[in-house]
Amino acid sequence: MSAPSVITIDGPAGAGKSTLGELLARRLGYLFFDTGVMYRALAWAVLHGAIDPEDGEAVTVLARDLDIQVLPPGDATDGRLYTVLVNGVDVTWELRHPDVERIVSITARHPAVRTVMRERQRAIGSRGRVVMVGRDIGSIVMPDAPLKIYLDASIDERARRRTDEILRRGGDADLQRIRNDMIRRDSLDRYVSAPAADACTIISDGLSPEQVVALVIARIADRCDDSQEARA
Ligand code: DC
């Protein structure tokens with residue numbers, strides 16, 4: 001079975017995109033690239049620079065100059081999937097802070113900011129052998145990707161998963177607050193979150209991460225069968 005060189009996974013917050021992306025990338029020996037991290041890194045820099053997240057021009061200037069590096073987790077034993085450096089500073093966990101979550105969608109809304117980010121994402125994606133996770137990857141960043149997944153789940157399941165994840169890390173989490181926050185972010189992110197027309201949708205309610213990976217692997221095998229049949 002030969003896997004598609006680029007696999008995109010889009011969907012709302014808490015649908016399980018990162019877990020799926022990381023497991024799949026590991027299975028295939030591909031790079032795992034979570035594009036949401038880039039917008040979070042920018043939001044973190046906006047906070048630290050005391051910039052108004054609504055100020056599109058200032059945020060775009062910052063985005064153009066910002067050095068964002070996403071590296072393998074190395075020897076870290078804190079459960080991270082990657083290490084994120086912003087201008088050389090390790091901000092991996094700070095990117096999950098509620099202050100970042102509060103402004104990230106606003107920061108990501110400016111068209112010129114999205115142009116800067118999408119160009120960088122495309123440069124990494126076009127090297128191939130990559131699983132890319134985000135909102136607009138299949139529809140806009142990598143529209144020619146051979147396999148596009150749209151991963152969704154009900155709001156209750158997504159809020160419960162996010163709460164469990166924070167509690168597992170030893171943090172404080174209130175299910176109702178997280179649920180309300182997700183609904184707010186869903187509505188702010190909706191304008192960039194439409195699935196690509198040729199995406200395969202998976203609803204992950206009640207499925208374990210391994211079961212979702214198995215569905216995608218089956219989908220890859222089907223595609224390979226289809227293309228062999230087409231060649232015959
Ligand atoms: O997937 P996430 O929750 O880490 O994403 C953080 C924010 O970044 C989210 O509110 C939407 C935005 N985002 C985006 O606009 N486009 C992407 N490709 C990825 C994330």
Side-chain angles (χ1 to χ4, degrees), residues 6-22 25 31-47 53-54 56 59-60 62-63 66 68 70 80-84 86 91-126 130-143 145 148-153 155 157-159 161-163 165-166 169 173 178-196 199 204:
V6 179
I7 300 174
T8 64
I9 305 174
D10 292 298
K17 303 185 300 292
S18 295
T19 308
L20 170 63
E22 203 270 334
L31 173 74
F32 167 53
F33 179 26
D34 179 356
T35 60
V37 158
M38 293 181 68
Y39 292 102
R40 285 174 182 265
L42 179 61
W44 179 89
V46 162
L47 286 172
E54 306 270 6
V59 179
T60 306
L62 182 68
L66 206 61
I68 306 170
V70 185
R80 62 179 63 192
L81 298 178
Y82 36 69
T83 292
V84 187
V86 174
V91 296
T92 310
W93 289 121
E94 285 178 53
L95 299 188
R96 304 285 145 191
H97 195 279
D99 288 346
V100 169
E101 302 232 316
R102 192 171 39 80
I103 66 155
V104 64
S105 303
I106 303 165
T107 309
R109 279 182 86 83
H110 308 293
V113 167
R114 298 200 72 83
T115 303
V116 172
M117 294 304 202
R118 284 170 174 161
E119 269 169 22
R120 290 193 197 176
Q121 292 160 6
R122 211 166 277 134
I124 296 171
S126 20
V130 60
V131 178
M132 291 178 77
V133 168
R135 299 289 190 290
D136 55 352
I137 307 304
S139 56
I140 295 176
V141 178
M142 302 296 290
K148 299 171 185 162
I149 307 291
Y150 187 81
L151 188 64
D152 207 347
I155 181 68
E157 176 99 7
R158 293 190 285 126
R161 283 186 195 156
R162 186 52 59 86
T163 307
E165 184 189 311
I166 296 170
R169 287 206 311 267
I178 288 175
R179 190 176 185 282
N180 290 341
D181 218 55
M182 266 182 177
I183 292 171
R184 177 186 148 269
R185 266 210 305 141
D186 281 356
S187 77
L188 285 170
D189 294 338
R190 186 157 294 131
Y191 76 109
V192 278
S193 303
S204 67

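Keep in mind that this is a model prediction, so the values were computed, not measured. Counting starts at 1 for both ligands and their atoms, in listed order.
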> Does Asp10 have any side chain to side chain donor-acceptor pair (under 3.5 Å) partners at least two apart in sequence or in another chain, and if so, which?
Replying inline: none
>> Could you work out, with side chain to side chain donor-acceptor pair (under 3.5 Å) as the rule, every residue matching Ser193, not counting sequence neighbours?
In response: none
N/O contact list for ligand 1, threshold under 3.5 Å:
{"unit_1": "ligand 1", "atom_1": "1 (O)", "unit_2": "Arg135", "atom_2": "NH1", "d": "2.8"}
{"unit_1": "ligand 1", "atom_1": "3 (O)", "unit_2": "Arg40", "atom_2": "NH2", "d": "3.1"}
{"unit_1": "ligand 1", "atom_1": "3 (O)", "unit_2": "Arg135", "atom_2": "NH2", "d": "3.4"}
{"unit_1": "ligand 1", "atom_1": "3 (O)", "unit_2": "Arg185", "atom_2": "NH1", "d": "3.1"}
{"unit_1": "ligand 1", "atom_1": "4 (O)", "unit_2": "Arg40", "atom_2": "NE", "d": "2.7"}
{"unit_1": "ligand 1", "atom_1": "4 (O)", "unit_2": "Arg40", "atom_2": "NH2", "d": "3.4"}
{"unit_1": "ligand 1", "atom_1": "10 (O)", "unit_2": "Ser105", "atom_2": "OG", "d": "3.1"}
{"unit_1": "ligand 1", "atom_1": "10 (O)", "unit_2": "Arg185", "atom_2": "NH1", "d": "2.9"}
{"unit_1": "ligand 1", "atom_1": "10 (O)", "unit_2": "Asp189", "atom_2": "OD1", "d": "3.3"}
{"unit_1": "ligand 1", "atom_1": "10 (O)", "unit_2": "Asp189", "atom_2": "OD2", "d": "2.8"}
{"unit_1": "ligand 1", "atom_1": "15 (O)", "unit_2": "Arg114", "atom_2": "NH1", "d": "2.9"}
{"unit_1": "ligand 1", "atom_1": "15 (O)", "unit_2": "Arg114", "atom_2": "NH2", "d": "3.2"}
{"unit_1": "ligand 1", "atom_1": "16 (N)", "unit_2": "Arg114", "atom_2": "NH2", "d": "3.0"}
{"unit_1": "ligand 1", "atom_1": "18 (N)", "unit_2": "Thr35", "atom_2": "OG1", "d": "3.1"}
{"unit_1": "ligand 1", "atom_1": "18 (N)", "unit_2": "Arg135", "atom_2": "N", "d": "3.3"}
{"unit_1": "ligand 1", "atom_1": "18 (N)", "unit_2": "Asp136", "atom_2": "OD1", "d": "2.9"}

>> Restricting to non-hydrogen atoms, name the atom on Pro12 and the atom on Arg158 that form the minimum distance, rounded to 0.1 Å.
In response: CB-NH1, 3.4 Å
>> Which residue is it: Leu188, Asp186, Val192? I am looking for the one with a side chain to side chain contact (heavy atoms under 4.5 Å, CB included) to Ser105.
In response: Leu188
>> Between Arg161 and Ser204, does the side chain to side chain contact (heavy atoms under 4.5 Å, CB included) criterion hold? Intermediate values first, please.
In response: CA-CA 11 Å; Arg161 283 186 195 156; Ser204 67; 3.1 Å; yes
>> My understanding is that only residues two or more places apart in sequence, or in another chain, count here; which of them pass side chain to side chain contact (heavy atoms under 4.5 Å, CB included) with Asn180?
In response: Gln176
